[in-house]
Amino acid sequence: MSRPIPDNTPQGPASPAPRVPDSTRDDVPYALRIAASWAWRIGLVIVVVGVLIWLLSYVSLLLIPVMIAALMAGLLQPVVRFLRKAKVPRGLAVGITILGFLGLVSGALSLVGRQLYFGFRELWGQVLEGVRQIQTWLMDGPLRLTSAQLNDYINDLLVQLQNNSSTILSSALTVGSTAGHLVTGLLLAIFSLIFFLLDGERIWMFLVGLMPRRARSATNGAGRKGWTSLVQYIRIQVFVAAVDAVGIGVGAAIIGVPLALPLAVLVFLGSFIPIVGALVTGFVAVLLALVANGWVNAIIMLAIVLGVQQLESHVLQPLIMGKAVSLHPLAVVLAVAGGTMVAGIPGALFAVPVMAIMNTVVKYIAARGWEHDDALGGRLRPPDPSLQAEARTARTTARTKRQKEAPGGDESGTANEDRNELPK
């Protein structure tokens, strides 16, 4: 009885199973599928950024002074570089720069405080006269209040203060705690500034060394470009503050407001603190005009302050600052507004420099700028095409010579050797 001979003919690859149509996928429009794919990715990015900001808010006492020190380092670095070119040792150059900067700021604040103190002491009689005029207006003006009614209102105010003494005390303690944090942050900022100016290069290269080896060149080049954007930002901010100070100071001097010079210095220093700086310095200017020259002069001073601040907000910040940091004016305005909403005054202060650094870093990495960056010493620049052609011609000549000397040799090995020698 014969057995059937098995068919050992090699079979071809099995045909794939027919695809079962996915009715659900076919029912969803293509545009909606693309929108959903983008939506969950953008949502994930927003969640990660939100969590990162939330985590950083717990270390704001450490983060904000370090960022302020970075801004000051960008401003003072040219001074250190100038002293180094004058053959001053690095440590001594950093010490001279920081002491000079602190002395300049302290002297300006001392000048402002001293002149304001003596000025207000001379104006104290006018302050009392202004209070009497307000009292007279309340009694003889449209309100027609009597002395008994004024006393009752004052007594009610004192009673409210007594009833809310605990709230006022807790607010005072909060202010005291905030003042302690400010002192701590100031000391930390000065300490960080010293080492940024002294060992900034070594600190940065240490951070670059923490990155994977293949990412170090890109990180190094992108970080240096971002630092350049930061330096440009702080220099333009100094210019904007100077314009504010000159505008308000000259305006105050023209309309006869006393203490115009210390007021200008106060405006210059306050311009580095967004929102609060402009509000406080503007209030001081209007108060000086009111006490010294009356309501009409105070209204004129208020118009000058508002005009200078509008010039800063709508011309200097968007156009000059935006051009310096390669940002559109609308992006500058939205960055300041968004930073204020998210993190208050620190957010307004650091929104523009952070966005400028991110913009520079992203463009640098997208263009693979580290491959032809002269700041990296040219070690990562692509080889010269002419040199590549010469090297390729020399290798071809050497291979042909070896083939003639050893006919029938292994050309594949020579080809492999040539392929391994090609630049990667």
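- Residues Leu349 and Tyr233 approach most closely at O-OH, 3.4 Å, considering heavy atoms.
- Across Ala260 and Ala252, no two heavy atoms sit closer than the pair CB-CB, 4.3 Å.
- Atom CG of Leu187 is separated from atom OG1 of Thr184 by 6.5 Å, given to the nearest 0.5 angstrom.
- Minimum heavy-atom separation, Leu288 to Pro258: CD1-O, 3.9 Å.
- Annotation: the span from Thr97 atom OG1 to Met72 atom CE amounts to 13.5 Å, rounded to 0.5 Å.
- In plain terms, the two heavy atoms of Leu62 and Leu188 that are nearest each other are CD2-CD2, 3.8 Å.
- Annotation: side chain of Phe350 is in contact with side chain of Leu71 (closest heavy-atom distance under 4.5 Å).
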Taking distance alone, no hydrogens or angles, what donor-acceptor pairs closer than 3.5 Å link side-chain atoms of residues 36-55 to residues at least two apart or in another chain?
| from | atom 1 | to | atom 2 | distance (Å) |
| --- | --- | --- | --- | --- |
| Ser37 | OG | Arg33 | O | 3.0 |
| Trp40 | NE1 | Ser37 | O | 3.3 |
| Arg41 | NH1 | Ser37 | O | 3.0 |

field: Leu102 and Ile190: CA distance, side-chain angles, deciding distance, side chain to side chain contact (heavy atoms under 4.5 Å, CB included) verdict
entry: CA-CA 9 Å; Leu102 294 179; Ile190 295 175; 4.3 Å; yes

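- Rounded to the nearest 0.5 angstrom, Asn297 CG and Leu290 CG are separated by 9.0 Å.
- Annotation for Thr281 and Leu263: closest pair O-CD1, 4.1 Å, computed over non-hydrogen atoms.
- A distance of 7.0 Å separates CD1 of Ile304 from CD1 of Ile254, quoted to the nearest 0.5 Å.
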- request: Please step through side chain to side chain contact (heavy atoms under 4.5 Å, CB included) for the pair Phe101 and Leu76, ending with a clear verdict.
  value: CA-CA 8 Å; Phe101 174 73; Leu76 299 177; 3.9 Å; yes

Atom pairs and distances, donor-acceptor, side-chain atoms in residues 196-214, under 3.5 Å, two or more places apart:
| from | atom 1 | to | atom 2 | distance (Å) |
| --- | --- | --- | --- | --- |
| Asp199 | OD1 | Arg202 | NH2 | 2.8 |
| Asp199 | OD2 | Arg202 | NH2 | 3.2 |
| Glu201 | OE1 | Arg224 | NH1 | 3.4 |
| Glu201 | OE2 | Arg224 | NH2 | 2.6 |
| Trp204 | NE1 | Asn220 | OD1 | 3.0 |

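- Heavy atoms from other residues, nucleotides or ligands lying under 6.0 Å from CZ of Arg81 number more than 12.
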Please set out all donor-acceptor pairs under 3.5 angstrom arising from side-chain atoms of residues 354-368, sequence neighbours excluded.
| from | atom 1 | to | atom 2 | distance (Å) |
| --- | --- | --- | --- | --- |
| Asn359 | ND2 | Ser326 | O | 3.2 |
| Thr360 | OG1 | Ser229 | OG | 2.6 |
| Thr360 | OG1 | Ala356 | O | 3.0 |
| Tyr364 | OH | Trp370 | N | 3.2 |
| Tyr364 | OH | Asp373 | OD2 | 2.7 |
| Arg368 | NE | Glu371 | OE2 | 2.8 |
| Arg368 | NH2 | Glu371 | OE2 | 2.9 |

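- Side-chain atoms of Leu83 and Leu92, non-hydrogen and from C-beta on, never get closer than 4.5 Å to each other.
- For the pair Ser110 (side chain) and Ser106 (backbone), a donor-acceptor distance under 3.5 Å is absent.
- When all heavy atoms are compared, the tightest approach of Ala298 to Ala289 is CA-CB, 3.7 Å.
- Looking only at atom types and distance, the side chain of Trp227 has no donor-acceptor partner in the side chain of Gln232 under 3.5 Å away.
- To the nearest 0.5 Å, atoms CG (Leu75) and CZ (Arg235) are separated by 8.0 Å.
- The distance from the CZ atom of Phe191 to the CG atom of Leu186 is 14.0 Å, given to the nearest 0.5 Å.
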